[in-house]
Every structure is written in structure tokens, then in C-alpha cells.
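Following: one structure in C-alpha cells, then a few remarks.
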Protein chains: 2
Amino acid sequence: MSLQHAILTALLEKPSSGLDLTRRFDRSIGYFWTATHQQIYHELARLEDSGLIRAIPAERPAQGQRKEYEVLPAGRAELTAWVARSEDPRRSREPLLLRLRAAAVVGTGSGGGLAAELERHLELHRRQLAEYEEIEKRDFPEPRDAAAEPDRLRHLVLRAGIELENFWITWLDRALTSLRQ
Amino acid sequence: MSLQHAILTALLEKPSSGLDLTRRFDRSIGYFWTATHQQIYHELARLEDSGLIRAIPAERPAQGQRKEYEVLPAGRAELTAWVARSEDPRRSREPLLLRLRAAAVVGTGSGGGLAAELERHLELHRRQLAEYEEIEKRDFPEPRDAAAEPDRLRHLVLRAGIELENFWITWLDRALTSLRQ
DNA sequence: GGAGACATGTAAACTGTTACATGATTAG
DNA sequence: CTAATCATGTAACAGTTTACATGTCTCC
């Protein structure tokens, strides 16, 4: 159900069309929950059916026309309830760790291919970190404790992203050293 | 496809029945890739169909009877190829971070429910960390660099688990402080 | 022979991805 | 008018979860 809640959050931040949402899921919201445009259109239809959002009436309601949605009171209520709901953390799925474990069994075959792959991932994580740090500099210039709650929460989420990327960078670096040993 | 590769790895480590695998997916392998028994039986059947594994012939081949599988050469070859294959990291899905972001929009409603939930997650991560540290003490007593490659790789994977749990513990602690402010 | 654990499996629903279809608008 | 882009959608499939079905073995 998380995707519906992600969409509700995004729409509360700003009423949007399906394509707008798709773009925001390529950054921002999407850093912690991805979705394709097909999935988003699908969930928008379901959310509208259940009365949690509605399409803002337009002059020209035709196919191929931009359709903007906004959250209804029932949608806000559902999101508020979800925030405090008890939900176990999903058990993680990390294909890269799985692969190292497979490498421990079948060997790295001189290690070249695996090392190249780890380096590629390292570079991707470095880029993501740079992007997050750019956002932090731009959006959260004040010290964290000084801000009001909404900004404190948003900053916390961004910090989680930054620290996760830092973890991967440190870990991949060490893995590469160990692989070359 | 990762589940099939996880199963191949597990079976190379030790030929097993479906239920054995299910148990190992509740710990060990399962720390980085989870699966239910239904899914495991399904993938075992597919792997057998594609000739990557085979059921070890038994005396009494009946339903409700234990059926043990082992990896065939084609299966080992597939796993070896996968280890060095290029594959983008999956974009992450973190419902908890999504929830904090939703909280930034709809408010925390005095914060009680959300704080309790964060505390619950904190406790779960502390337990997982303790479990990992127990395993480290038991399986990797020597310094990391001294060991041979297979053990170095396995230790690296475990260290990733430990450091990820440490990240969550630190972050959740900070989030709780911020929420109570 | 009955209870409970062991073991394998089927079916349906849900979630997510990939490929494709189609109309509207805008720039040249 | 044409090409490119914007925008919404359908269809098929793959992956995952949940609920249920069924047979076997062991202990009492």
C-alpha cells in the first residue's frame, strides 16, 4: 500500500497530474519509493475510485488531456492514520550483497568482472550523494534543531539518504580493497 | 531473477530440501533476500525445469516426502556468470522514510503514535545488530585481512549488515530526539 | 488411532515491470 | 504539415504474498 500513501503525500504537497507525479518520482519522493508512470496512473484511478482523491474539474475533459488531482478529506485522514500505524520494516533485499555471497562460493574468477561492477556502483552512489548534498545546501541552510517540525522531519529524511550513501561508499571502497588483495 | 541465484548459492553451500531452504531464508541467506516457502518451491521447480538443479534420487519418491536438490554444472555456470554481470542497484524502498515525509505534511498529531513506532523499529534493529555481532564473534574471530578470499567475502557481507543496522539505530535515535523536541 | 509437527504443493490476489497504443500540443 | 514532445492509458507478464489443501511421520 505504500505507493498510494506516497502519492497522497505528493499530492498534498502539490496537486499534480500523472506525468507531474512521474517526474517527482524520479527525484524527491522517488528517492525512497520508485514508480513508473503506468503504476502511477493505475493507483491514481484506484485512489479516485475509493474517494481519497479527485480529478480537479477541467474545461476540456478529453483523452490525452492533462488531468490534475487533489486530495480529498478522506485521503488526508487515511494518510494521517498511516503515519502512526504499526508496520514491520520490510526485510531488505540487496542483490549486491547476495552476489558477494555467491562469489564466496563460486569464486571471483580473477575478480575483474566483479570489481568493475563494484566500481560502477561506487560511482553511482557518489553521484547520488553529491545530489543529496546539493539539496541539503539549498533547502536546509539553517542548523537542524532551529527549524520547525515539518522542516526538521524533511531534513531527517534527507540525512537518512546522505548517510545511507555514505555507508555504501565506505563499504564498496573496502570491498574493492579486499577484492584486490 | 535474484531469488533463483540466492537458491543456487544456498544449494551449493549445502544440498537441501525446500523446507531446509525456507529455514535458511529465515536467517543467513535471508538477511539480504527473503522468500516464503511457496515461492521457494515454485523457483525450485523452475530451476529443475531449466536443468540448473536436480532432485537427488530417493528411494521413496512420493508426495509429502522430503525431496533434496543439488546444483548441476549448468547451474554453477549460471551463478558464476551472474557474479560478474552488470546490474543496476535497485532503487531503494523505505516505507519508514516515506512515513516521516508524510508526517511532515499532515503533522505528527502530538507525535505519540509515530514515536512509539520509531521506538519499536529501533528495538528491532538493536536485536538484529546483536544477532549479527554474535555471528561475527562466532564465525570470524581472526582479523579480516588474514583470511582467505571466500571468508573475506562472507565477512564483508556480514559487515554490511552490521553497519546498516548501526546506521538505522543512530538515525532512529536522532529522529526520536527530534520528534520529542 | 489421534494429535501435532513435518513437508510439499495449488490458487488467487496483489504489486511491479516492460512493451505497446493513442491522442493533443508545440516548434519549425 | 511534420516531427518531437507531452500526456494518458492498455495489455501481458513477472514477482510476491496470503490463504488454503494434502499427505507423511512420530509420539503417545
Side-chain angles (χ1 to χ4, degrees), chain A residues 1-8 10-11 15-26 29-30 32-50 53-69 87-95 98, chain B residues 1-8 11 15-26 29-30 32-50 53-69 82 87-95 98:
Chain A
M1 301 293 301
S2 285
L3 178 52
Q4 296 205 0
H5 296 117
I7 291 176
L8 287 173
L11 286 181
S16 302
S17 69
L19 198 58
D20 288 343
L21 285 174
T22 302
R23 291 207 186 93
R24 292 170 65 192
F25 270 82
D26 282 338
I29 288 272
F32 306 111
W33 204 274
T34 55
T36 57
H37 79 269
Q38 293 90 332
Q39 226 185 325
I40 287 169
Y41 285 119
H42 182 241
E43 296 301 332
L44 281 172
R46 284 183 59 199
L47 284 165
E48 194 176 17
D49 279 351
S50 12
I53 65 174
R54 67 159 193 166
I56 299 173
E59 291 90 56
R60 287 183 297 172
Q63 219 215 344
Q65 288 294 331
R66 187 186 162 78
K67 211 157 80 181
E68 204 154 73
Y69 291 92
E87 214 169 73
D88 279 338
R90 355 182 87 200
R91 303 199 47 192
S92 71
R93 299 218 153 128
E94 298 292 347
L98 209 56
Chain B
M1 301 293 301
S2 285
L3 178 51
Q4 296 205 358
H5 296 116
I7 290 177
L8 287 173
L11 286 182
S16 303
S17 69
L19 198 58
D20 287 345
L21 286 174
T22 302
R23 292 207 186 93
R24 293 169 65 192
F25 270 83
D26 281 337
I29 288 272
F32 305 112
W33 203 273
T34 57
T36 58
H37 79 270
Q38 293 90 333
Q39 226 185 323
I40 287 170
Y41 285 118
H42 182 241
E43 296 301 332
L44 282 171
R46 284 183 58 200
L47 284 165
E48 193 176 19
D49 279 351
S50 12
I53 66 175
R54 66 158 194 167
I56 299 173
E59 291 87 57
R60 286 184 297 173
Q63 218 214 343
Q65 289 293 331
R66 187 186 160 77
K67 211 158 78 182
E68 203 154 74
Y69 292 92
W82 179 65
E87 215 170 71
D88 279 338
R90 355 181 87 200
R91 303 200 47 192
S92 71
R93 299 218 152 128
E94 298 293 347
L98 210 56

Atom [atom1] of [X] and atom [atom2] of [N]: how far apart are they, to the nearest Å?
X       : N      : atom1 : atom2 : result
B/Arg66 : C/dG9  : CZ    : C1'   : 16 Å
B/Glu68 : C/dT8  : CD    : C1'   : 14 Å
B/Leu19 : C/dC6  : CG    : P     : 8 Å
A/Gln38 : D/dA7  : CD    : C1'   : 12 Å
A/Asp88 : D/dT17 : CG    : C1'   : 15 Å
B/Lys67 : D/dG23 : NZ    : P     : 16 Å
B/Leu21 : C/dA7  : CG    : P     : 12 Å
B/His37 : D/dT16 : NE2   : P     : 16 Å

Report yes if a side-chain nitrogen or oxygen of [X] is closer than 4.0 Å to either non-bridging phosphate oxygen (OP1 or OP2) of [N]; otherwise report no.
X       : N      : result
A/Gln39 : C/dT17 : yes
B/Thr36 : D/dT18 : no
B/Arg93 : C/dG16 : yes
B/Arg90 : C/dG16 : no

message: List the residues meeting side-chain contact (heavy atoms from CB on, under 4.5 Å) with A/Glu43, not counting sequence neighbours, and say none if there are none.
response: A/Leu3, A/Gln4, A/Ile7, A/Arg46

field: B/Trp82: partners by ring-ring contact (aromatic ring centres under 6.0 Å, His included), with sequence neighbours left out
entry: B/His5

message: Could you work out, with ring-ring contact (aromatic ring centres under 6.0 Å, His included) as the rule, every residue matching A/His42, not counting sequence neighbours?
response: none

message: Going by the rule side-chain hydrogen bond (donor to acceptor under 3.5 Å, both in side chains), which residues pair with A/Arg91 if we only count those two or more places apart in sequence or in a different chain?
response: none

- prompt: Who passes side-chain hydrogen bond (donor to acceptor under 3.5 Å, both in side chains) against B/Arg93, sequence neighbours left out?
  reply: A/Thr34

message: My understanding is that only one of A/Asp20, A/Leu47, A/Leu44, A/Leu21 makes a side-chain contact (heavy atoms from CB on, under 4.5 Å) with A/Tyr69; could you say which?
response: A/Leu44

task: Residues of residues 41-48 of chain A with any non-hydrogen atom less than 4.0 angstrom from an atom of DNA chain C: list those, numerically ordered, please.
output: A/Arg46

- prompt: Would you say the side chain of A/Pro95 lies within less than 4.5 Å of the side chain of B/Trp33, judging by non-hydrogen atoms?
  reply: yes

